[in-house]
Colleague: 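What follows is a single structure, and I will ask about it in a moment.
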Amino acid sequence: MASGLLVIALFLPLFTGLTAGDMRKAGRTFRRYIVWLLSFEVLAVLALVIGGQGTVLPLLKVAGGLQLVLRVDAMGSLFAVVFSIIWLLVAVFGFEYMAHEGKSQRFYLFYICTLSALIGVCFAANMATLYMFFEMMALLTVPLIIHSGTEDSYMATLKYLGYSIFGAGLGLLGIFFLAPYGGIGSFVAGGNLDPALLAGHEELALAMYFVAIIGFGCKAGLLPLHAWLPTAHPVAPSPASAVLSGIITKAGVLAILRMTYFVFPAELLRGSWVQAALLILAICTVFTGSMLAYKEKLLKRRLAYSTVSQVSYVLFGIFLLHPVALLGALLQFIYHALAKNILFLSAGAIIMKTHHTTVDKFSGLGRRMPLMMGAFTVASLSLVGIPPCGGFVSKWYLCVGALDSATPLIGMVGMVVLMVSALLTAGYLLPLVIAAFFPGRDVEVKRDLLPESMSVPLVILALLVVCLGLGAGWLAQPLNAIVATLFA
Amino acid sequence: MNGSWMIFIPVIAPFLAGFVLSQLRFEERRKREIYCTISVGVNTLLSLLMISLFRGEYVTLVRFTEKLSFSLRIDGFGAVFGTMVALLWFVTTIYAFEYMKHEGRENIFFSFFLMSYGVVMGIAFSANLMTLYIFYEMLTLFTFPLVIHAMGARDRHAGKLYLVYSMLGAALAFMGLIFVHQYGYSLDFTPGGVLNLELIGEKTELLQLIFVMTFFGFGVKAAVFPFWKWLPGASVAPTPVTALLHAVAVVKSGVFAVGRSIYFIFGSSFLAGTWAQDVTMLFAAITIVMGSAMALATPHFKRRLAYSTISNLSYILFAFTLMSPAGFVAGTLHMLAHAVIKITLFFCAGAVLYKTSREFIWQLDGMGRKMPIVFGCFTICSLGLMGVPPLAGFSSKWAIGVAAAACDSPMAIVGTAALIISALLTACYLFAVILRAYFPLNGFDYNSLAKVKDPNWLMTVPLVVLTGASLVLAAGMSPLSQWLATVAAGL
Amino acid sequence: MSLVYNVPFVSIFLSILIAVLCTLFKNGRNAQRLTFALWIGVAVGSAMLLSTLMFNGGTSFTYAAGHYPAPWGNELRAGPLEALFALVYSIVMLLSLSGGAEHTFEDVVEEKVSLYYTVMNLLFAGMLALIYTNDIFTSYVFIEISTIAACSIIMAKGEGESLLESMRYLIMYLIGSTMFLFGVVILYSITGHLLMEFLQKEIVALWMSGEYQLPLAASLALMLIGLCIKTAIFPFHSILPGAHGSATTASSAVLSGLLLESYVILIIKIFYRVFTPEIIASYHVYDIMFAFGIIAMLLGSYYALKEDDIKRMLAYSSAAQMGYIFVAIGIGTNAGAVAACLHIITHAFTKAMLFTTSGALIGVSGHSRDFYDLRGAAHRDRLAGIGFTIGAISMIGVPLLACFVSKLYIAIASLIYPP
């Protein structure tokens with residue numbers, strides 16, 4: 001029963017995407033079809049997560065003793081739930097938006113099919129399966145970027161593709177070299193490498209781990225392979241940018257999580273040069289991202305840089321190898337996913353309605369599209385880290401974990417950078433909010449509400465941000481349970 | 001005599017068939033097609049029959065001296081290669097019928113085509129280094145007329161280059177032959193090698209040098225750096241020829257011969273850990289990256305695929321130079337996967353060329369919608385070549401990567417890094433085509449492609465069959481690699 | 001002694017006789033027919049001799065000419081090797097001349113055709129004698145005969161170029177013969193013998209005793225250099241392209257394929273029958289030959305590549321092939337000598353084939369030897385084209401054809417030699 005659910009959860013989006021993409025007109029039937037099936041998908045995932053923990057589904061035997069397997073575990077479930085819910089909401093938003101852009105069917109074909117790949121990434125039981133679905137995800141998102149058909153989008157797609165393949169390739173390199181020590185076996189909380197086989201080769205294993213993290217970190221926007229983000233986001237249609245920033249980057253995060261906690265034993269990493277290096281990279285990314293966002297005038301690119309910065313908060317928490325920090329990281333993951341999606345969808349709404357793409361055109365938008373700006377504000381607050389919106393709690397845990405970790409010095413530096421970044425974030429988001437709601441006397445703005453299909457998802461997402469922020473303590477419990485298994 | 005002499009039939013019959021064809025000189029196309037189909041089909045069936053019936057029997061046609069004989073023997077490695085050749089030759093013949101309609105002078109083309117079939121089967125079934133060398137030289141001679149078929153200045157130049165490089169390679173391989181004759185127990189292919197270590201004594205360095213020369217000698221046909229220049233030039237030949245040359249016959253023969261040299265003549269234990277291994281691995285790694293880079297830099301469609309072949313062949317060579325059973329298995333898997341995939345890709349390029357006379361990448365905008373079968377197959381096989389799981393190319397690259405990781409030499413790390421870089425470049429140069437074909441830029445006028453459509457069944461059926469074969473191969477990679485591991489166990 | 005043992009002497013005698021007879025013929029065709037009949041006869045006889053000797057376990061016999069006992073009389077010596085060479089020579093002569101017959105009748109002035117065959121017969125006699133002789137002075141005599149005959153067949157064409165070339169050829173060859181003569185004279189004066197077996201005994205004795213070292217070395221050097229000039233080894237190869245290139249088809253074939261080799265056969269005989277291999281080795285002759293052989297191989301091929309004229313190219317190819325043979329001998333072992341002999345045989349056939357077919361190709365291309373004019377010649381004369389291709393492939397050394405085997409043996413021989 002549960003494995004049947006897993007099969008459904010895996011293949012339903014693929015089926016939906018292929019059939020929806022085949023439809024001749026992107027009219028009401030099209031939209032209803034997608035909404036129903038994606039909702040069903042969300043339900044399936046929820047049912048699986050609640051009732052089917054531990055289900056295993058072997059897929060295919062590939063050469064070299066390699067087995068592609070799916071398995072439902074707590075960490076994967078978390079990611080899967082977040083992904084599928086947000087995917088549905090963004091899909092709903094996208095109906096009107098893509099009706100303006102054109103070629104909706106083609107867009108939704110690839111958009112929905114990507115969810116299948118993501119589910120595969122979440123529930124992968126070993127690194128090889130994860131790699132396979134990771135590659136599929138990368139390939140399926142390519143048509144989303146080239147969608148608009150301009151010369152710029154073409155170049156951006158090639159850049160995205162190049163970075164993706166290269167990053168995945170580095171990841172693969174790492175996997176190759178960890179394979180002899182058991183690295184391609186099923187994920188085990190706490191590490192699945194065989195210490196007996198590992199003995200004497202620790203340096204090589206660490207180096208390969210580093211390489212793999214850099215590779216997967218490309219997707220997560222980690223320096224130095226982050227450059228695809230600011231190029232791809234402005235050219236892609238906004239729903240695509242939203243999920244690229246909000247969700248796809250988290251797939252990279254998941255890969256890194258799996259590598260760090262489910263393949264490598266923590267004792268090996270803690271205190272090593274690799275941990276220090278990665279922490280420093282994460283910190284640098286946080287800072288650089290925020291700085292570049294602050295200086296950027298193009299709205300979508302500003303948000304892209306913001307993503308680079310914010311996702312590295314999560315990575316920072318992961319690399320600290322401390323339970324509290326990890327808790328903070330997971331919380332940050334949830335909040336950022338929600339918030340960044342809101343921001344990008346809002347940006348999309350703004351572009352659609354006003355045809356302006358720069359950050360100095362926010363005057364009076366609050367009056368023009370109040371619901372949207374409301375959501376935007378909530379998201380901004382969350383990103384900056386102001387209570388009661390979610391971001392505050394996650395940053396708090398990150399800082400606590402940083403100071404308590406095995407590398408307190410770096411942790412302290414990290415904390416400082418986090419503060420600075422928060423300031424910068426405020427600097428690049430709050431003025432927009434203020435300009436929107438307080439445009440000054442001389443600006444006359446009329447109401448120009450968004451259609452419902454666009455504003456409802458925004459509102460839902462914003463509500464989620466607030467509720468989950470207020471209920472952080474309640475949220476922390478299941479997360480703590482997950483974290484505890486990793487640090488047993 | 002228990003009938004094992006019959007393994008000579010699939011080798012010699014195509015020669016006769018080709019020669020007869022050159023004398024009969026069919027005027028009517030239909031008759032020629034039927035003749036060729038029957039010849040190739042029967043020979044394919046016979047080959048498969050021989051492979052299944054007479055595994056391991058040593059059959060001598062002519063014995064020159066105690067060590068030198070002209071003999072055939074089908075072992076595991078030969079069986080794999082032979083099966084691959086036999087099946088792919090048949091598919092290519094069907095494709096060639098339609099394609100050669102535009103080229104002309106089909107009688108002489110198909111004569112040499114048939115005779116080359118015999119030669120390659122001979123290579124697959126060779127029992128010793130002497131026989132392999134004989135067929136190797138013959139391969140050059142019989143494929144040469146195919147390369148220069150169109151007889152333009154470009155073709156003649158390409159043919160000349162092909163000849164010169166091939167002869168050079170043969171000269172190097174000849175040195176290997178002589179030294180193995182002197183310092184080996186025999187020239188017969190034996191798992192683990194045939195070198196007489198007592199006789200060699202102190203001269204191991206010399207023998208390692210000879211191995212490197214043999215590697216490059218046979219490697220010329222496998223387009224290893226620095227002897228790759230003939231391959232892109234030869235892509236001016238008619239597409240069935242380039243597909244065959246670049247996927248099946250010539251280049252895979254080169255790779256096959258290198259595999260034979262490493263595992264069945266010199267022996268992996270003699271070579272593993274030596275400077276010879278490092279050098280050959282290095283050159284394979286260089287070729288891997290260089291081929292992919294040049295593919296990316298070339299806007300000519302077929303030439304891009306030719307460079308891609310150069311790169312992929314060195315994947316196989318790299319795997320073989322790992323000098324381990326795992327490397328052997330990985331190399332053979334990629335040999336199979338790449339053969340099927342690359343022949344399909346060339347056929348797609350040929351179909352485009354045949355239908356629209358378009359040679360360059362930038363001319364392919366929007367074709368995806370107009371030639372759905374051709375580009376559909378192209379996409380699937382490209383993904384396979386890029387190494388997207390779970391398609392065939394991924395399994396073989398995975399096997400190569402894992403085998404490399406298990407190898408002690410630091411060169412192996414270099415090689416694996418080269419693999420990754422090449423994967424990136426491969427994605428770029430293949431995706432450039434796919435993106436253009438399916439996502440032409442805004443303002444693209446589909447009316448410019450009004451007359452473009454898929455070619456007829458003679459070309460599309462082979463395409464689809466081959467794509468299907470690559471998928472079947474992907475599914476069957478695991479049992480195949482297990483069976484190959486048993487073959488490799490003797491190494 | 002059965003009748004077949006007379007074959008060597010009879011072959012030589014008949015050749016000279018028929019040479020004389022040919023002068024009497026007015027009609028060239030009759031001369032041709034007679035000559036061919038002779039050669040067929042010699043071929044058959046040699047074949048019979050060969051088989052007889054092989055059945056007898058491969059021994060050789062000496063044939064005293066004129067019933068004068070040794071060491072004063074003249075002797076022939078025939079073993080399976082000599083018989084084989086004779087067989088090969090007669091077949092190749094036959095084929096070359098029949099292949100080039102049409103051109104012979106075209107190129108040579110009509111009255112002189114029978115004289116041409118006369119000279120060919122003399123050449124044949126000379127070469128056979130070099131193969132069979134056991135006496136060193138006799139070999140000089142027949143060297144001279146073959147030299148003059150060779151020059152004659154070069155200038156048979158009667159054109160300006162061939163006349164000039166034959167003059168150059170004559171000068172070089174006479175220099176060689178003279179040097180050879182000096183060598184023979186010196187050898188005779190220090191040993192008192194002319195028959196090879198006796199010479200050998202004396203030379204070994206001298207060598208052991210340490211007397212007359214300088215004259216011995218000098219005679220060897222003179223004989224060797226003299227013969228080397230005639231084999232057109234580097235650096236004496238410059239006469240080849242002109243002479244072989246400008247001569248008529250049959251002449252080129254014979255000169256390149258047979259004449260050069262016969263001097264090499266004589267060299268081998270001198271090494272093995274007059275001096276012993278050990279003595280030769282102590283003079284480092286093998287090494288010198290090896291070195292020059294390699295240079296000849298490379299330079300000959302290099303010059304051949306630069307040529308646009310097909311016959312000159314083939315001539316340079318001969319120079320290179322002589323290099324191969326010298327390399328094989330220069331290895332210094334028996335295996336090397338065997339390989340050299342094998343290459344002599346395969347080269348004879350292959351080079352004759354190449355010259356004959358190229359002659360035909362030239363014939364259908366307006367008598368031009370230039371590559372440019374030869375384009376498409378194979379389509380005009382299909383048989384010649386196929387023949388040339390096969391000959392070329394063989395010369396390259398592609399397996400399954402003749403020269404591959406001899407090259408293989410040279411290579412193997414070079415490895416067996418302990419370095």
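Every heavy atom of this structure was used, including side-chain atoms; hydrogens, water molecules and symmetry mates were not. The chains referred to below are lettered A, B, ... by the order of the sequence lines, with proteins before strands, and numbering in each begins at 1.
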Colleague: Chain C heavy atoms under 4.5 Å from B:Phe179: which part of the residue, side chain, backbone, both or neither?
Modeller: both
Colleague: Taking the six-membered ring of B:Phe189 as reference, does the NZ or CZ atom of B:Arg260 fall below 6.0 Å from its centre and within a 45° cone about the axis?
Modeller: yes
Colleague: Please determine if C:Lys311 forms a cation-pi arrangement with C:Phe355, meaning its NZ or CZ atom is less than 6.0 Å from the six-membered ring centre and no more than 45° off the ring axis.
Modeller: no
Colleague: Below 4.5 Å from any heavy atom of chain C, which atoms of B:Met175 appear? Answer side chain, backbone, both or neither.
Modeller: neither
Colleague: Where on C:Ile393 is there a heavy atom nearer than 4.5 Å to chain B: the side chain, the backbone, both, or neither?
Modeller: side chain
Colleague: Scan C:Lys351, C:His244, C:Gln321 and name whichever one has a side-chain hydrogen bond (donor to acceptor under 3.5 Å, both in side chains) with C:Ser256.
Modeller: C:His244
Colleague: Compare all side-chain heavy atoms of B:Met138 with those of B:Ile134 and state whether any distance is below 4.5 angstrom.
Modeller: yes
